[in-house]
Chemist: 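Right, I'll just put the structure down here and ask away after.
Both counts, for ligands and for their atoms, begin at 1 and track the order of listing.
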Amino acid sequence: MSKKVTLHEALNILKNAKNVILVSHVSPDGDTLGSTLALAEGLKQTGKKVTIMVDDVISSTYSFMPGIGEYIHPQKGQHYDTDLLVVVDSSSLDRIGIVEECVKAPILNIDHHVSNTGFADYLWLDDTATATGQMMFTLLKEMQVDITLAMAICLYVAIITDCGNFKYSNTTAASMRAAAELLELGVEPNLVSDFIEMKPRKNIELLCKVLNTLTFFDDGRIGIIEINQEDYNKDIDTDSFISYPRYVEGVEVAVMFKAVEPEKTRVSMRTRWIDVSKIALSFNGGGHIKAAGCTIEANLTEAKKQLVTKIIEEMRANK
Ligand code: AMP
Ligand code: MN
Ligand code: MN
């Protein structure tokens, strides 16, 4: 189990390292990327050698984020020396992919997932934070570094990603205040939103296909969409697709299934009331109470059967 640390203890751990590797989680989203990029900049200002890594493709949605080109994709069999590995916005070790084998160093985990497994040596966890980006903003202010516009943009992207532009139940006065401060530092929300919401045509073409798969279970309380293996393309950002089943009247749990390999199905869940982080954990995944994910080692049809059965069970048990 991790040693739980406070913000100030986390700061001290960072202060004592000269050479730091920061890692974002696989299937990288705006929170893990923005939090990592902002911390990297802050640490560089204090004179540290900083490397940022991710063991996955970064969606072109995030190409506009300052510093995104500096990510290293670790190679199997390579070893990267460092004093400290900082794991950002990840609740379990498998979320960092092969970085687990490539970097052997003490781990500081900065995270906000209720499902955190306590895998790191040191864990600064705030499951009341809207996004890891909000925690990072607090940390950077305590570090007394200059929060540049580039860092502010990254932190803003992190926050809005995880609360759906202040729409979800994890939106708080504190995250809105953080965003307000970021606007005072020069962030222009309309420009950020244009970058994030503007999609290549192929995204919308895929969305058209995926909407045709919209299916309901349990008298319309569960709404699902799916991407079969033929249509699955790692380079197409599908993160926003789940909002379609999510906002159908009567749907209490929305699920998106992606057949990433013949016997491997990625699952995203969004809910109004049951705890989907628990369901995700039972399939070795994780997340938040109302937004969670997992990967099921089965084909799409089988994964769908297993997961829908589990959701119906949970709904019955918690009525
Ligand atoms: P997603 O549905 O991929 O947007 O993920 C929703 C939330 O669950 C995010 O906070 C993710 O970091 C988390 N999550 C998704 N997949 C996994 C997984 N396989 N293991 C742990 N956490 C996950
Ligand atoms: Mn994330
Ligand atoms: Mn997050």
Chemist: At under 4.0 Å between heavy atoms, is it the side chain or the backbone of Ser27 that contacts ligand 1, or both, or neither?
Modeler: neither
Chemist: Does the N or O separation between Thr295 and ligand 1 drop below 3.5 Å for any pair?
Modeler: no
Chemist: Using a 4.0 Å cutoff against the non-hydrogen atoms of Gly287, which atoms of ligand 1 qualify?
Modeler: 8 (O), 13 (C), 22 (N)
Chemist: Test question: given the 4.5 Å side-chain rule for I, L, V, M, F, W and Y, name all other residues clustered with Ile289, or answer none.
Modeler: Val114
Chemist: Nearest 0.5 Å please: distance from the OG1 atom of Thr32 over to the CG atom of Asp111.
Modeler: 9.0 Å
Chemist: So, taking the atom named CE in Met315 and the one named CH2 in Trp273, what distance separates them when rounded to the nearest 0.5 Å?
Modeler: 5.5 Å
Chemist: Could you identify the single nearest non-hydrogen protein atom to atom 3 (O) of ligand 1 and state the distance to 0.1 Å?
Modeler: Arg266 NH2, 2.9 Å
Chemist: Step by step, work out the side chain to side chain contact (heavy atoms under 4.5 Å, CB included) result for Val276 and Arg270.
Modeler: CA-CA 7 Å; Val276 282; Arg270 302 290 183 268; over 6 Å; no
Chemist: Enumerate the atoms of ligand 1 whose separation from the nearest heavy atom of Ala291 is less than 4.0 angstrom.
Modeler: 6 (C), 7 (C), 8 (O)
Chemist: Hey, looking at atom 13 (C) of ligand 1, which of Gly286, Ala280, Cys294 has the closest heavy atom?
Modeler: Gly286
Chemist: Please determine whether residues Ile107 and Val20 belong to a single hydrophobic cluster, defined as Ile, Leu, Val, Met, Phe, Trp and Tyr linked transitively by side-chain heavy-atom distances below 4.5 Å.
Modeler: no
Chemist: Is Met256 linked to Ile222 within one hydrophobic cluster, defined over Ile, Leu, Val, Met, Phe, Trp and Tyr using a side-chain heavy-atom separation of less than 4.5 Å?
Modeler: no
Chemist: Could you check which of Met269, Arg270, Lys290 puts a non-hydrogen atom nearest to atom 1 (P) of ligand 1?
Modeler: Arg270
Chemist: Any link between Ile225 and Val248 through a network of hydrophobic side chains (Ile, Leu, Val, Met, Phe, Trp, Tyr) touching at under 4.5 Å?
Modeler: yes
Chemist: Do any nitrogen or oxygen atoms of Asp29 come within less than 3.5 Å of a nitrogen or oxygen of ligand 1?
Modeler: no
Chemist: Evaluate the criterion salt bridge (Lys or Arg N to Asp or Glu O under 4.0 Å) for residue pair Asp275 and Lys278; output intermediate values, then yes/no.
Modeler: CA-CA 6 Å; Asp275 181 351; Lys278 235 170 65 187; 5.4 Å; no
Chemist: Among all protein non-hydrogen atoms, which one is nearest to atom 11 (C) of ligand 1, and what is the separation to 0.1 Å?
Modeler: Arg95 NH2, 3.6 Å
Chemist: May I ask you to test the Asn109-Ser2 pair for a side-chain heavy-atom distance under 4.5 Å?
Modeler: no
Chemist: Relative to the heavy atoms of His113, which atoms of ligand 1 are at a distance of less than 4.0 Å?
Modeler: 9 (C), 10 (O), 11 (C), 12 (O)
Chemist: Using a 4.0 Å cut-off to any heavy atom of Ala292, which atoms of ligand 1 qualify?
Modeler: 2 (O), 6 (C), 7 (C), 8 (O)
Chemist: List the steps, then state whether salt bridge (Lys or Arg N to Asp or Glu O under 4.0 Å) holds for Glu313 with Arg316.
Modeler: CA-CA 5 Å; Glu313 260 174 42; Arg316 297 281 181 277; over 6 Å; no
Chemist: At less than 4.0 angstrom from any non-hydrogen atom of Ser91, what atoms of ligand 1 do you find?
Modeler: 21 (C), 22 (N)
Chemist: Give the intermediate values and the outcome of side chain to side chain contact (heavy atoms under 4.5 Å, CB included) for residues Leu185 and Leu149.
Modeler: CA-CA 6 Å; Leu185 291 168; Leu149 176 57; 5.6 Å; no
Chemist: Is it the side chain (CB and beyond), the backbone, both or neither of Met256 that lies under 4.0 Å from ligand 1, heavy atoms counted?
Modeler: neither
Chemist: Give the atoms of ligand 1, by number and element, whose distance to some non-hydrogen atom of His288 is under 4.0 Å.
Modeler: 10 (O)
Chemist: Could you check whether the rings of His112 and His288 sit parallel, tilted or perpendicular, using 30° and 60° as the cut-offs?
Modeler: tilted
Chemist: Quick one: does ligand 1 sit under 4.0 Å from the side chain of Ser268, the backbone, both or neither, non-hydrogen atoms only?
Modeler: both
Chemist: Within a radius below 2.8 Å of the Mn ion (ligand 3), how many protein N, O or S atoms are present?
Modeler: 4
Chemist: Under 6.0 Å from the CG atom of Asp81, do we count more than 12 heavy atoms belonging to anything else shown?
Modeler: no
Chemist: Which one holds for Lys258 and ligand 1: side chain close, backbone close, both close, or neither close, with close meaning a heavy atom under 4.0 Å?
Modeler: neither
Chemist: Judging by distance only, is a nitrogen or oxygen of Asn284 under 3.5 angstrom from one on ligand 1?
Modeler: no
Chemist: Which one of His25, Arg95, His73, Lys234 satisfies the side-chain hydrogen bond (donor to acceptor under 3.5 Å, both in side chains) criterion with Asp56?
Modeler: Lys234
